[in-house]
Amino acid sequence: MIEFKDVGLVYPNGTVGLKNINATIKDGEFVVIVGLSGAGKSTFIRSINRLVTPTSGVLSIDNENILGYKGSDLRKLRTKIGMIFQNYNLVKRTNVLKNVLAGRLGHTGTLRSILNLYQKEDISLAYESLQRVNIGEKIYNRADELSGGQQQRVSIARVLTQQPKYILADEPVASLDPPTSHQVMTYLKKINKEDKITTIVNLHFIDMAMEYADRIIGMRAGEIVFDGPASEVTEKTFEEIYGRSIREDDLRGGANKS
Amino acid sequence: MIEFKDVGLVYPNGTVGLKNINATIKDGEFVVIVGLSGAGKSTFIRSINRLVTPTSGVLSIDNENILGYKGSDLRKLRTKIGMIFQNYNLVKRTNVLKNVLAGRLGHTGTLRSILNLYQKEDISLAYESLQRVNIGEKIYNRADELSGGQQQRVSIARVLTQQPKYILADEPVASLDPPTSHQVMTYLKKINKEDKITTIVNLHFIDMAMEYADRIIGMRAGEIVFDGPASEVTEKTFEEIYGRSIREDDLRGGANKS
Amino acid sequence: GGSDDSDGEDNASGESNDNAKEEKGETPDKLVMGFVPSQDSDTIADTVKPLADRLGEELGIDVEGKVMTNYNALVEAMGSNQVQIGFIPAFGYVLANEQYDVNVILKSVRHGSGTYKAQYVVRADSDIESLADLEGKVWTYADKGSTSGYLFPAYQMMQEFDYASGTELESDFFGNTIAAGAHDNAAISVYEGDADVATTFDDVRTELEEEYPDVMDKLKVIEYTDEIPNDTISVTKELDEELVTKIKEAFLSFNEDEEMIKIMDEVYNWDAIDEASDEEYEIVKETYQKFKDDIEL
Amino acid sequence: MTKQSRQEMTEKTPSIYPVKTKLQITIIFFIVIGFYLFSMFWTQREMVGGFGNALGNMYVVIEKFFPPNLEVIPKVWGEMAQTIQMAIIATTLAAILTVPLALLSAQNITTFKPLYLITRTFLNILRTIPDLVLAVIFVGLFGVGLLPGILALFIFSLGILAKLISETIESVDMNPLEAMRASGGNVFQVIYFGLVPQVLPQFTSFVLYVFEINIRASVVLGLVGAGGIGLVLDQQLGFYNYPNAMAIIILIFIVVIVIEFISNKLREALI
Amino acid sequence: MASYSLPPKQPKSTFKIVRRIVIFLAIVALYVWTFLGIDIDWGRAFERMVNNFSRVIPKLFQPDWSATSEVAAKIWETILIAFAGSLMAAVLAIPLGFLAAQNMTRSKILTAIGKWILSAVRAFPDIILAILFVVAVGPNAFAGVLAIAIGSTGMLGKLYSEVIESIDMQVIEAMEANGANKIQILFYGVIPQIVPEFLSYAIYRFEVDIRASSILGIVGAGGIGTMIIFASSNRNWNEMGLILLAIIIVVTVIDFLSARIRRKIV
Ligand SMILES: Nc1ncnc2c1ncn2[C@@H]1O[C@H](COP(=O)(O)OP(=O)(O)OP(=O)(O)O)[C@@H](O)[C@H]1O
Ligand SMILES: Nc1ncnc2c1ncn2[C@@H]1O[C@H](COP(=O)(O)OP(=O)(O)OP(=O)(O)O)[C@@H](O)[C@H]1O
Ligand SMILES: [Mg+2]
Ligand SMILES: [Mg+2]
């Protein structure tokens, strides 16, 4: 369970990233966060595995406040949270299998991992994960030989190999075309259901959000402006999230918005 | 007027890019081409300004077959065709005004352009174009300081400055979020109507295509599978273009498709 | 005392290592002979192997010959007793003697003499007849470390025209000076008219004859310096007296050996090897001392 | 994939690298290491002393360089200046001539293959000639003086610069160039507007890098009578004035640092 | 359009204008200083080149084949020494490269120290390195190996640190996000990204070391550089021609081989 209590975050340069965030995400949920560029979606997600650190409030995971975590506590926390990035963040020149095994790093001793002495179980787990996202035959290809959709699937396999309790995905489909986007979202959803992994995804597209989410959180300027099941989303919600003047703006050209 | 007569294109490596293309695009039309990745949309568009050269058939523009063009003929042809790219293709380290003035290169002598001796008219034209896409105040910013939507607007201004008879746009909104995408499409439509510039746009999204197009051309595996007004598009057309098994494919994950 | 180098490898012949800090008079079972070819000669040999091999045979000890292109390196190597026998030009010997008490035992004999001279070369058609005519002219020499190219002629002129230092000589007596890098380059500079006088060993022109057939006619020698002692064969102070004597005898025995005479002549242009003592190099020392402070900057 | 075959594949867990690549890399690795061991053995075979006193001996020599006699720095300033001037001229010439050569030897710009291959080969050969040989040949041609030194530096820098810059050109974003071409620009315009802004910062830092190399190469120039700081350094070493030599080294070090500083500032201003 | 709507003039801060003028003036002054300081008689230089051309250049193209076996032996020695030296440098430069890279050593002071060490090493002339190592291990090939190793470390370390500074840090973030520790990130995230460039630079340096082997002459290790010195002292242009040919062949072969190896590994 992830609990935000009055969480706020101000970046060192003074930009407000999060403001008064209150939300509880229960185990096994599939939550999609939507909002305009700069709304604070990434900041929200990255607070959870402490890639950024909120400056006020309490953020607890499994009933422990994680905001004070350091060193090995932090690494242990991160080991149970998998993350998927917009640009896949694979090591381009390394092969797919090794990229996926990187997901096990948190569970493997330093020496063992440096010497490439993975346990058979780990390698077998990695291979299974790759097969789950249907890319088992590419294990020895280098990551940069794959298409965008394939790379994103590898990064999902990496997270699966990590066997996390939570998965965070920061705009996992922003660089992909629509059919491939659907593929990737389908995989995420499948994993969420099959493995009961709590999944939090950032998306730009509210339509796609509605198709996959159990619950949608809408953000705007660092605040939560909507929080509820996908079925409750209305035209009005849309306006709340994207700002009431969006269509007009569109037509006028809204020079400074994008 | 652009006329494709039995146009075919085989890439040097043997890939068939276009097959038996027959189509006539009348002056002033706003045509959107849709199709899956690899369908041949880019190949189609790039044939028109000869960034690729069809290997068979006749492609005439304003009643002249352009397939044999070389050197200065080719440059003259390109001067009257403006092109907008998915990744904006701006020179990142150069300021906006200079990027836009690059649209005048075809009209300016080499020496003049290298010495930055643009005619007053050219500068004024560039500035006006920037104002038309509502970005006049950014003229001295470097291109890499702008957001994606702003960069795409600069690239539209560049094309406007070229004062072309035709505009080609190869997935102009694929890197943008939906509100910004609509903005950009709106500008393109506006220019098409105001200046009577024939416009051909590639899109992935058939819904967006239907919103803006006068006419839609659907492609699949290098061939035209649909050609008609947006109003004639049905669920069946959709299936024809994207292939009947798309949803299934999606669910199965279709390892090698993306 | 030094610790092991990073590689930590030990050398097979490690025990033979006798170094600067040990007692005098050791007899190593391998000798290293360093050779810095003298720029002050018409052929510049690039090998020391024939001499090293023969010496090894005579002494019954392994002798390794090494050609080095810089005498600082050789002097330092003798200082740390990495090299025990050095073939060093006169000037290098003076340094080695001053810094590390290296001792001269032998010298080479060229053209029947244990010494050589430096010469003043001018264009044959110039009106320079004597050193006095050089005033205000352009002087070129190999480099300031060259005994025949710079030290001796400069000393000679300083005495003749009463200058206290080489710097003064260069700036007040001559119009300009050029360090040409090598004796042949200095002579060519005069030949081509870039300079008026070159000071070189005697006789650099023979070396140029092949490329510049008319060099003998175009360039004339107006003056010579005092005699400069030839290249030395020196040993480090750590070497055992007895061994030194044996080395000396071995070298001297080459003078009786037809085959060695031939090698010495062909490879090094030597006629023979002769005994030498430190006193003979006094004149070089004096010259060196004169300039050491001057070069000091 | 049938369920059964999947099961099979899962059971025999794959190795981290495909066996073939693993084998090849292992072989290459062992060849390199083997050759290294051989060359280490070979180079050490005639060592007499072992490492027993290596550091002690070095210390004795290093000690002689200290304390550096900083008083000489003002006196050698003229020579340092001359070295810098030669390096400036050589670097400038190389920077200018590099432009056409680098363009001709960049595969993405010169699509006419024979021309590209000829330039490439020419540059490769140019780069293989040692600076010492260049200096000697130019002295043979021009006699002693500044010119042969400058020319040797020039040719040497040209080889390095053209290689580095052509590699930079090959890695630029070709999209803007295509956009320029699509709007009817000719070759020169495309290069000037699309390529130049992209490579300019790299170009500057490479030129300054080569400038630094040229300053340090001045020791070679001393050998051929081209003067400069290298000659003075040689002289001081020759007369056993080690503290003076150390001061000169410190001066060279300072000049190198200053160039690096300027290089960084210029790059910041350009990027 | 009768009147043009020209854009507003670019707003430039006076600081920038002043800075630009200062840089411009400084560069002009630098060149004026340079050309005033260097005086070359171009007419005479040209005349001399015409006179000397036939003395030198044709002979370079008539290599003295009789020296073939000696040149071959020397170049083999050179390859061995340069190989051992550059490989040692390639390894020594790694820690220094990391120390000097801003994105790895997140301390400004350590980075500065790293960069200073590298600059200092680069400022040391070959001849002094050679003297130090002759004293340390005697006049032999191994002294040459050490001198080359140290001499190359300065440049390789600098190039390495630049490569490290340009890696994709997002990948590192991804590994941080799944709980990897610093050393694991180094081996999984950093090293795969830098290996190809490190390899290219090391091989490039190997070529440079073969060419610049005159240092070997100083330490009495022979090598091709010594032959160059003697060929030039004896004005033996034919032999120089052969040496040049040998170097060109060897460097080209190394280039070819290394390109193949690199393709395998990268
Ligand atoms: N490292 C940072 N330092 C300062 N400000 C930052 C930093 N990262 C983000 N911000 C600012 O914080 C705000 C929220 O950014 P965030 O990246 O969370 O938005 P987002 O919703 O993920 O947007 P996008 O859709 O563009 O990814 C923005 O105004 C952004 O400019
Ligand atoms: N330069 C090329 N050489 C060889 N084959 C090519 C080349 N460019 C494109 N192709 C191939 O031609 C076919 C059509 O490609 P095209 O780029 O026109 O598709 P597209 O519809 O634009 O796809 P996308 O939506 O991915 O841009 C594809 O199979 C593609 O792989
Ligand atoms: Mg974000
Ligand atoms: Mg396309």
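Labels below follow one simple rule: chain letters A, B, ... track the order of the sequence lines, proteins then strands, and each chain is numbered from 1. On a predicted model such as this, the values are computed, not experimentally measured, just so you know.
- For the residue pair C/Thr232/C/Ser234, the side-chain donor-acceptor check at 3.5 Å is satisfied.
- Checked against E/Ile247 for a side chain to side chain contact (heavy atoms under 4.5 Å, CB included), the options E/Thr252, E/Ile75, E/Val71 give a single hit: E/Ile75.
- The pair C/Asp125-C/Lys218 fails the salt-bridge criterion, with no side-chain N (NZ, NE, NH1 or NH2) lying under 4.0 Å from an Asp/Glu carboxylate O.
- Side-chain atoms of E/Glu197 and E/Tyr160 form no donor-acceptor pair, as typed in the model, at a separation below 3.5 Å.
- Scanning residues 87-94 of chain C against chain E with a 4.5 Å heavy-atom cutoff picks out nothing at all.
- Of the listed residues C/Val75, C/Asn72, C/Val67, C/Val36, the one with more heavy-atom pairs under 4.5 angstrom with chain E than any other is C/Val67.
- Contacts with chain C were tallied for E/Met227, E/Arg48, E/Glu47; E/Arg48 has the most, counting heavy-atom pairs under 4.5 Å.
- Side-chain polar atoms of E/Ser86 and E/Arg205 form no donor-acceptor pair below 3.5 angstrom.
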For C/Glu170 and C/Tyr150, run side-chain hydrogen bond (donor to acceptor under 3.5 Å, both in side chains): C-alpha distance rounded to whole Å, both residues' side-chain angles, the deciding distance at 0.1 Å, then the answer. CA-CA 11 Å; C/Glu170 286 190 43; C/Tyr150 184 82; 2.7 Å; yes
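- Residues C/Asn81 and C/Thr236 bring a donor and an acceptor atom of their side chains to less than 3.5 Å of each other.
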Take C/Glu64 and C/Lys49 through the salt bridge (charged side-chain N to carboxylate O under 4.0 Å, His left out) test and state the conclusion after the steps. CA-CA 8 Å; C/Glu64 187 84 56; C/Lys49 198 167 185 329; over 6 Å; no
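- Of the two parts of C/Leu74, neither the backbone nor the side chain holds a non-hydrogen atom closer than 4.5 Å to a non-hydrogen atom of chain E.
- Counting heavy-atom pairs under 4.5 Å between each of C/Glu210, C/His183, C/Glu211, C/Met78 and chain E puts C/Glu211 at the top.
- Of residues 196-207 of chain C, those residues lying under 4.5 Å from chain E by any heavy-atom pair are C/Glu207.
- Under the 4.0 Å criterion applied to side-chain N and carboxylate O atoms, E/Lys59 and E/Asp64 are not assigned as salt-bridge partners.
- Proximity of the aromatic rings of C/Trp139 and C/Tyr141 is defined here by a centroid distance below 6.0 angstrom, and this criterion is met.
- When all heavy atoms of E/Val145 and E/Met88 are compared, the closest pair comes out as CG1-CE, 3.9 Å.
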